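Working notes, beginning with the structure itself.
Given the structure is predicted, the values throughout are model-derived calculations rather than measurements. For the numbers below, each heavy atom of this structure counts, side chains included, while hydrogens, waters and symmetry mates do not.
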Amino acid sequence: MESRRSHLPAFTARGRSSDLLARFLAAWQELANPTEWRRLLVAVSGGSDSLALLHLLHETREAHRMELVVAHVDHGIHPSSADVARRVMAAANDLRVPVVVGRLGLGAGTSETAARAARHAWLQQARRSEGADAIVLAHHADDQVETVLLRVLAGSGLAGLAGMQPRHGTLVRPLLEFRKAELVAWLARRGIPSWEDPANLDPVHERSWIRSKLLPMLSEREPKVPERLR
């Protein structure tokens, strides 16, 4: 492990931002397979998490030396989804990174489960068609806490309670040790705008209910609950 980290570039000129870059690259080099991977499909929803992932991968490209392709899924659920797709395309173009967009046309009544299944199926198809070796997802530490709670409520066994894995098949999640707030702050310091899906705080969806209602209630009584779950 030490020999791999010894090749990290010295991101020391920009204070806190440089710390996050160095932490990200260390996390990435723990997961990446430089002997087999050359091209990465980066899933970008347009939200702060995935935009931070894209910019972190782009800013560290001289170290990991992998080609990036942005993949955006327009589910066709939210009325502004086409506008979000255009903003993601513009962000990718600004970085001179190729981008592919999948338009699924699922409709407003689609469940979280159905949307997730359709999204992952399209991402895998895009990975194959783009010749990418892995799909990089932007799940972070807060997502991990919510996932564990979801699985607790669903009566999951021990395997499920382990949460999301940093690397599973062709899926890679290098942000699982990062909090959403620090990713948002990192983007803000760079003046990078992002879009947040209103459904993320709509308690009609179970994950959104956990995020907006259950976790704040648990944390008010036991402030260390999120860290314990993570």
Side-chain angles (χ1 to χ4, degrees), residues 11 13-28 31 40 42-61 68 70-75 78 80-81 83-95 97 99 112 116 119 135-150 163-164 166 172-203 205 207-220 223-227 229-230:
F11 293 114
R14 289 179 291 179
R16 293 165 61 193
S17 295
S18 64
D19 292 343
L20 192 138
L21 278 168
R23 285 172 50 213
F24 170 78
L25 190 53
W28 176 253
L31 299 176
L40 304 170
V42 187
V44 179
S45 68
S48 55
D49 319 332
S50 59
L51 277 174
L53 173 64
L54 172 60
H55 281 268
L56 285 163
L57 281 167
H58 187 262
E59 291 197 28
T60 56
R61 64 194 182 282
L68 307 178
V70 168
H72 174 75
V73 180
D74 178 354
H75 297 85
H78 193 274
S80 65
S81 64
D83 291 333
V84 177
R86 284 190 287 270
R87 288 200 288 270
V88 171
M89 292 174 68
N93 290 334
D94 286 345
L95 297 177
V97 175
V99 56
E112 286 182 281
R116 185 182 308 109
R119 177 171 65 253
I135 301 170
V136 192
L137 303 174
H139 296 121
H140 48 71
D142 300 70
D143 291 324
Q144 185 74 292
V145 170
E146 295 163 8
T147 297
V148 172
L149 269 178
L150 274 169
M164 293 180 287
V172 189
R173 299 180 176 93
L175 297 181
L176 286 180
E177 296 301 317
F178 293 78
R179 300 298 304 272
K180 180 181 178 70
E182 63 181 328
L183 298 172
V184 170
W186 187 80
L187 286 177
R189 288 195 292 272
R190 281 163 166 69
I192 300 170
S194 60
W195 175 82
E196 298 297 340
D197 188 344
N200 287 340
L201 293 177
D202 185 350
H205 304 293
R207 181 179 286 272
S208 300
W209 170 73
I210 287 174
R211 179 182 300 130
S212 62
K213 302 293 184 182
L214 181 58
L215 261 175
M217 181 180 67
L218 291 173
S219 299
E220 183 178 359
K224 294 185 178 180
V225 160
E227 182 59 30
L229 287 170
R230 191 173 70 83

Problem - Ser81 and His75, any side-chain heavy atoms less than 4.5 Å apart - result: no
Practice task
Quick one: list whatever passes side chain to side chain donor-acceptor pair (under 3.5 Å) with Arg173, sequence neighbours left out.
Solution key: His139
Exercise for the section: Compare all side-chain heavy atoms of Arg116 with those of Arg119 and state whether any distance is below 4.5 angstrom. Expected result: yes
Problem - Which atom of His58 lies closest to which atom of Val97, heavy atoms considered - result: CD2-CG2, 4.0 Å
Exercise for the section: Give the minimum heavy-atom separation between Pro174 and Leu53, together with the two atoms involved. Expected result: CG-CD1, 3.8 Å
Practice task
Mark yes or no for whether Glu182, through its side chain, and Arg179, through its backbone, hold a donor-acceptor pair below 3.5 Å.
Solution key: yes
Fill in the blank from the handout: Nearest heavy-atom contact between Gly163 and Val148 is CA-CG2, 4.2 Å
Problem - Atom of Lys180, atom of Asp142 and distance for their closest heavy-atom approach - result: N-OD1, 2.9 Å
Practice task
Only counting residues at least two apart or in another chain, list the ones meeting side chain to side chain donor-acceptor pair (under 3.5 Å) with His140.
Solution key: Asp49, Asp143
Handout entry: Worked check of side chain to side chain contact (heavy atoms under 4.5 Å, CB included) between Leu183 and Ser48
Key = CA-CA 7 Å; Leu183 298 172; Ser48 55; 5.9 Å; no
Exercise for the section: Report yes if the side chains of Trp186 and Leu56 come closer than 4.5 Å at any heavy-atom pair, otherwise no. Expected result: yes
Practice task
Mind listing the closest non-hydrogen atom pair of Leu175 and Ala138 along with its distance?
Solution key: CD1-O, 3.9 Å
Handout entry: Greater than 12 external heavy atoms within 6.0 Å of Met89's CE
Key = no
Problem - Check: Ser50 side chain, Ser45 main-chain N or O, donor-acceptor pair, under 3.5 Å - result: yes
Problem - Student check: side-chain heavy atoms of Glu59 and Phe24 closer than 4.5 Å - result: no
Practice task
Would you mind telling me which of Asn93, Asp74, Val70, Leu51 makes a side-chain contact (heavy atoms from CB on, under 4.5 Å) with Val88?
Solution key: Val70
Handout entry: Nearest non-hydrogen partners of Leu68 and Val42, listed with the distance
Key = CD2-CG2, 4.2 Å
Exercise for the section: Indicate yes or no: at least one non-hydrogen side-chain atom of Leu149 is less than 4.5 angstrom from one of Leu218. Expected result: yes
